[in-house]
Number of protein chains: 2
Amino acid sequence: MKIPDSNIVRCSECPIRHRAVCARCDDDELGILEGMKSYRTFAAGDPILWRGEELVYVASVVSGVATLSKTMEDGRTQMVGLLLPSDFIGRPGRQEIDFDVTATTDVTLCCFSRRPFEKLVDETPHVAQRLMELALDELDAARDWMLLLGRKTAREKVATFLEMLARRSRNPDADGTQHEMTLPMTRDQISNYLGLTLETVSRQLNALKNDKIIAFIDRRNFEVLNLAALHDATGDDNDGGMIS
Amino acid sequence: MKIPDSNIVRCSECPIRHRAVCARCDDDELGILEGMKSYRTFAAGDPILWRGEELVYVASVVSGVATLSKTMEDGRTQMVGLLLPSDFIGRPGRQEIDFDVTATTDVTLCCFSRRPFEKLVDETPHVAQRLMELALDELDAARDWMLLLGRKTAREKVATFLEMLARRSRNPDADGTQHEMTLPMTRDQISNYLGLTLETVSRQLNALKNDKIIAFIDRRNFEVLNLAALHDATGDDNDGGMIS
DNA sequence: CATAATGATTGATCTGGATCAAGGAAAGAT
DNA sequence: ATCTTTCCTTGATCCAGATCAATCATTATG
């Protein structure tokens, strides 16, 4: 998978400043970790980390999409995060996680051993600062998602999801025009992200299609025909957006 | 309001190590900020911060309960956080917030000016580290709440809320026995926290009462009669808990 | 190329929780 | 003590989205 330009822009602010993701980072702090860097690939559906497992690595997503999810004893599951290229996996100062990390498409991660990475963080304040920013970004995203899960209608949920995808995958040099986009997960996985059932997701996607807001190229690929109408359908107000 | 012992314990790990909350902190790092310390009180219902407002202060809750909430244009609101005594308000490195902070009971905050506080954070790595821990704790809590909002039934939501209150307000020297507890907010506010309506909250509270899991002293005060049954009603598994 | 297997759609029905509506209880205010 | 106001409860009804049930499309497999 080609890494979109948008991710390179995003990565320029990244504490990892990862060569695989960011073209500008040849001279960055992580040079000292170069020897410990390793790429790992996961096939779609593969578990990347299980809940409770010890975090041996921190990583950044190079390509593909991974999800964070929680599962109840009776099988109900709720995704609590989406990891797109340039996103960071790791919890400074923590050994464990309380959710599963799963590859939803084929995923390539670039991993560093946790120990030397944390040593780096301790020694370089601005990296620590950047990690704090990332944590606060995640917290903001989680809170936006709480509003979605608690109060939005099915249509608003689906529209919000599509708008988020459009925002994160938009090519910045494209002048507002939307291009073909890919749903990075199945209807079932989307429903677990949105707190819905897969049938409802399917119906709402078709409703948006019938309203000429989106068009499907095939089941996984679609185009946004009317970005303004899509935004109206999210229920969000005009200024404040997700993951600002 | 007397500050429960449990909060003093909690506060011993707090970066703020606030005298008002923590008896052990006479000699802590915040001595240098002593001159800028100020107590502020808010009556129940008062706004503490509006969305978009500039954060001039960071603060810790000394007494009372405050909430973080998001509101949609049409009035639907979702609480995205609950602030109990010893909790911290502030976003290191950030000027703004994207939610409202409101006092739900009378609240006393202990405030520091943001600038000197951030200077302190920059200069003392372990304070920065502790703030990162707090941010990750909040993130974990937010993700647990996402599971609640997206997948739990009304009964599970209400039971989870009560169990969380019991955990956070339990007096540690009490040997498992539950004492009288207080609902820190109205049915309407609880419904906004749980993604329900106030009628549903009322009905579920009464259902738990009828099941002899809780008993009401009056509308705002209750007792947990059967903590195990309350836990069963949350839908959570036995080990992993909220806000660990 | 037939044949599973997986994922998506579409329809019919059901139901948990929302909505609408009417009192009741407690706490201030006059 | 009476009147408001605010908060809570309880009942009746409704409906968005869940559930149940086929069927279809697409991709993998022998």
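Letters A, B, ... are given to chains in the order of the sequence lines, protein chains preceding strands, and every chain is numbered from 1. Being a predicted model, the structure only gives us computed values, none of them experimental.
Rounded to whole Å, atom P of C/dG17 lies 12 Å from atom CG of B/Leu148. Distance A/Asp74 CG to D/dT19 P: 11 Å, rounded to the nearest Å. For the pair A/Leu194 CG and D/dA16 C1', the interatomic distance rounds to 16 Å; values are reported in whole Å. Distance A/Lys157 NZ to D/dA16 P: 14 Å, rounded to the nearest Å. When the P atom of D/dC7 is taken as reference, atom CD1 of B/Ile190 falls 12 Å away, rounded to whole Å. Between the CD atom of B/Glu199 and the C1' atom of D/dA12 there is a distance of 12 Å, given to the nearest Å. Atom CG of B/Leu205 is separated from atom C1' of D/dT10 by 14 Å (rounded to the nearest Å). The separation between B/Gln204 atom CD and D/dC8 atom C1' is 15 Å, rounded to whole Å.
A distance-only check finds no donor-acceptor pair linking the side chain of B/Trp145 to the backbone of B/Gly81 [under 3.5 Å]. The main-chain N or O of A/Ser63 is never found under 3.5 Å from a side-chain atom of A/Thr108 such that the two would form a donor-acceptor pair.
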Evaluate B/Arg40 against B/Asp46 for salt bridge (Lys or Arg N to Asp or Glu O under 4.0 Å), listing each step before the verdict. CA-CA 12 Å; B/Arg40 305 184 152 225; B/Asp46 282 358; over 6 Å; no
For A/Glu138 and B/Arg143, what are the C-alpha separation, side-chain angles and deciding distance, and is it a side-chain contact (heavy atoms from CB on, under 4.5 Å)? CA-CA 10 Å; A/Glu138 281 191 83; B/Arg143 284 173 169 158; 2.7 Å; yes
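One donor-acceptor pair, N or O on each side, does fall under 3.5 Å between the base of D/dC7 and the side chain of B/Arg219. Side-chain N/O atoms of B/Arg155 and base N/O atoms of C/dG16 include no donor-acceptor pair closer than 3.5 Å. Interface remark: the B/Gln189 side chain does not form any donor-acceptor pair with the D/dC7 base, using a distance-only criterion of under 3.5 Å. The base of C/dT19 lies close enough to the side chain of B/Arg203 for a donor and an acceptor atom to sit less than 3.5 Å apart.
Where B/Lys209 and A/Ala154 each meet DNA chain D at their nearest nucleotide, the meeting point lying more 5' is that of B/Lys209. Nucleotides of DNA chain D nearest to B/Met185 and A/Val201 differ in position, and the one nearer the 5' end is that of B/Met185.
Within 4.0 Å (heavy atoms only), B/Asp218 reaches no atom of the nucleic acid at all. Backbone-only engagement by A/Thr186 is indicated by non-hydrogen atom pairs under 4.0 Å involving sugar-phosphate atoms exclusively. Base contact: A/Leu198 has a heavy atom under 4.0 Å from a base atom. At the heavy-atom level, B/Gly195 lies under 4.0 Å from the strands shown only through sugar-phosphate atoms.
Regarding contacts with the backbone of C/dA8, a side-chain N or O of A/Arg187 is found under 4.0 angstrom from either OP1 or OP2. Residue B/Thr200 places no side-chain N or O under 4.0 Å from the OP1 or OP2 atom of C/dG17.
Residue B/Arg151 is tested with A/Thr71, A/Asn192, A/Thr77, A/Asp74 for a side chain to side chain donor-acceptor pair (under 3.5 Å); the sole match is A/Asn192.
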